[in-house]
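Here's the structure we're looking at; comments come further down.
Position 1 is the first residue of the sequence; numbering continues from there. Because the structure is a prediction, the values reported are computed rather than measured. Just follow the structure's listing: the first ligand is 1, and inside any ligand the first atom is 1.
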Amino acid sequence: MTGRYYVTTPIYYVNGAPHIGHAYTSVAADVVARFKRLAGYDVFFLTGTDEHGQKVEQAAQAAGLEPIAFADRVSSDFRAMYDAMNVSYDDFIRTTEPRHIAGASALWERIAANGHIYLGAYEGWYALRDESFYNEDELVTQPDGTRVAPTGAPVEWVREPSYFFRLSAFADRLLDLYETRPGFIEPSSRRNEVASFVRQGLRDLSISRTSFRWGIPVPGDAEHVMYVWVDALANYLSAVGFPDTASPRWGYWPANLHLVGKDIVRFHAIYWPALLMAAGLELPDCVFSHGWWTIEGEKMSKSLGNVVDPRDLVGEFGLDPVRFFLMREMPFGGDSDLNRKAIITRMNVELANDLGNLAQRTLSQVARNCGGVLPEQGARTEDDLALLAQAALLPTVMHGQIDRRALTDGLEEVWRVVRACNAYIDRQAPWALKKTDPERMAVVLRVLVDALRAVGTMLQPYMPASMDALLTQVGAGADERSFAALETPLPAGRALPAPKGIFPRYVEPEA
Ligand code: ME8
């Protein structure tokens, strides 16, 4: 083992059904988790659901259910969505579980014992949809004169007794953190935004509510429930056994990577490190904030009725094409648009043409002209060695990209090799060598099979099921699929199964 690696997604609110935005973050985390496992790491990949708070309480009421019954239903739908998306999480935490309630309460007690919590009264703006407090000067006035949160969420004036966290006392330490550990918030544009927000000064944070009951009771004062964000952030600790630091899982803390959407950077890059500092706990390595999907050019929203269930896309295009599209289309960290045309283009050009055809052309020639067994590596030319050298660099090059969270660039590295293979097969024309020099033909096909094996191995994190099929077709056994295994050539003479297309072209159904 090369060490431990702990990666998380946000835990999603159960006030609504899972959608493509949730699937996106989770597939991205899945790619990182699968990549690190194949590189030999002991990975802990955490996800789950955020089930407390007024927003969930109201959604349950609207559905005519007790909050817990409502949360059970939506939380299991999230798991079903993960199964449909082939997300390989190691643990799924629910904030209503006893282990989480224990962890969140212990975190609170620790922060209180260190003198960073006091009782007061909160008076100010609150946006229920964001479960977030806003300062007066952050509000935006709409054309009709109403004031809303910068996210567009309606705000209400709240006045109630509340416990406060001394966030203001941590501003300097936070600024110091951003400066001395620039990798703590990525990409750097987000770091600058967060740092300038903190530089304007931080106010103490209201961390309890008394106007509703659906939450974790504040330790020692059951009149209050914890602010849902303090409750939620604690999941990253409770899932690894906190406060039981003797738990074997505690070894995963601090987390290597919290993947979040840009909407919740403030919570993860300001509140979370401050809470951890106040509790005397180690800080995670990196909060990475990715961009936002629009749908056919529009913001995704319930009111527009354009919320996309990823399972519908999978039903139409297939699972791996959708996973590929999500990782390929959006430069990781930027924003992007999800639309049918773009999905179909990527499927047909990159998957069906570039990779699918290459595999099919190569493997059908091996089946027909090499007796269906892996040819010898044979005497290789400079052209052969150049292609193989490019493929052999993939594990190192891609590992670098994944560690920079450049998931899209990681794919581009593989496609460089795929394109090089296509140029090579055209240049070498093994179909012509069949008559003139069958020995050379076999060497060329073997070079291509070896390059395809490297490509298939590296793409497993992105498209696990399709690459399983490809690796089976190139003769790689179950224990020959890690990155390290690429260093050992597959034995010549091994029988290959009959080749089958992996990526069919998408043809629009007749209207
Ligand atoms: O914020 N494009 O939960 P949430 C890309 N419970 N990603 C999107 C997206 C879009 N259009 N819409 C949503 C919460 N997401 C809290 C988190 S963590 C301790 C608590 C993704 O259900 C993105 O990851 O509102 C975003 O951060 C997350 O869904 C918000 O999910």
Side-chain angles (χ1 to χ4, degrees), residues 7-30 46-56 59 71 74-75 77-78 81-82 85 87 92-96 100 103-104 107 127-132 149 151-153 190 215-216 226-239 255 257-273 275-276 284 287-302 304 306-310 325-327 329-339 405 407:
V7 55
T8 69
T9 74
I11 50 171
Y12 305 109
Y13 287 127
V14 291
N15 65 310
H19 59 60
I20 193 71
H22 305 128
Y24 175 68
T25 315
S26 301
V27 168
D30 188 49
L46 176 69
T47 188
T49 40
D50 187 356
E51 304 188 0
H52 289 127
Q54 205 171 2
K55 181 157 88 168
V56 171
V74 182
S75 183
D77 198 30
F78 268 93
M81 183 272 277
Y82 280 166
M85 298 304 292
V87 171
F92 187 103
I93 193 160
R94 301 182 55 185
T95 55
T96 47
H100 173 71
L107 178 66
L128 183 62
R129 200 170 86 195
D130 302 342
E131 294 281 18
S132 179
T151 55
R190 298 270 174 260
I216 301 179
M226 282 184 206
Y227 173 37
V228 66
W229 267 103
V230 173
D231 168 344
L233 288 163
N235 92 88
Y236 303 130
L237 292 174
S238 44
L257 177 61
H258 292 312
L259 274 184
V260 300
K262 63 182 181 181
D263 50 321
I264 55 174
V265 171
R266 181 185 296 188
F267 303 95
H268 283 83
I270 300 176
Y271 301 169
W272 184 225
L275 290 165
L276 289 167
V287 173
F288 188 98
S289 142
H290 66 66
W292 208 243
W293 285 101
T294 52
I295 309 297
E296 305 280 346
E298 303 226 53
K299 193 173 165 179
M300 181 166 60
S301 78
K302 273 191 199 152
L304 285 175
N306 65 350
V307 176
V308 174
D309 185 325
F325 174 81
L326 292 174
M327 294 301 112
E329 183 77 5
M330 172 141 34
F332 203 61
D335 294 316
S336 204
D337 187 51
L338 187 140
N339 61 80
R405 341 299 155 185
L407 307 193

| query | With a 4.5 Å limit on heavy-atom distance, are the side chains of S26 and F78 in contact? | reply | no
| query | Are any of the side-chain heavy atoms of I93 and L46 separated by less than 4.5 Å? | reply | yes
| Among all protein non-hydrogen atoms, which one is nearest to atom 8 (C) of ligand 1, and what is the separation to 0.1 Å? | G21 CA, 3.4 Å
| request: Distance to 0.1 Å, residue and atom name: give those for the protein heavy atom nearest to atom 14 (C) of ligand 1. | output: Y13 CE1, 3.3 Å
| request: Using heavy-atom distances, let me know which of D335, V228, D263 sits nearest atom 30 (C) of ligand 1. | output: D263
| remark: Check: of G291, S301, G261, min heavy-atom distance to atom 5 (C) of ligand 1 comes from G291
Between the main-chain N or O of [Y] and the side-chain N or O of [X], is there a donor-acceptor pair closer than 3.5 Å?
{"X": "D50", "Y": "V14", "value": "no"}
{"X": "Y12", "Y": "H22", "value": "yes"}
{"X": "D337", "Y": "G297", "value": "yes"}

Which atoms from ligand 1 have a heavy atom of [X] less than 4.0 Å away?
{"X": "D50", "value": "6 (N), 16 (C), 20 (C)"}
{"X": "M300", "value": "11 (N)"}
{"X": "W293", "value": "2 (N), 5 (C), 10 (C), 11 (N)"}
{"X": "T25", "value": "21 (C), 23 (C), 24 (O)"}
{"X": "H268", "value": "18 (S), 19 (C)"}
{"X": "A232", "value": "19 (C)"}

| said: Under a 3.5 Å cutoff, is there a donor and acceptor pairing between the side chains of H258 and T8? | reply: yes
| Any nitrogen or oxygen of N235, main chain or side chain, under 3.5 Å from a nitrogen or oxygen of ligand 1? | no
| message | Is there a polar contact, in the sense of an N or O pair closer than 3.5 Å, between I11 and ligand 1? | response | yes
| said: Closer than 4.0 angstrom, basic N to acidic O: yes or no for K55 and E131? | reply: no
| message | Does only the side chain of F267 get under 4.0 Å from ligand 1, or the backbone, or both, or neither? Count heavy atoms. | response | neither
| Which one holds for H19 and ligand 1: side chain close, backbone close, both close, or neither close, with close meaning a heavy atom under 4.0 Å? | side chain
| said: Parallel, tilted or perpendicular, judged at 30° and 60°: which one describes the rings of H268 and Y236? | reply: tilted
| query | Would you say the ring centroid of W293 lies under 6.0 angstrom from that of Y24? | reply | yes
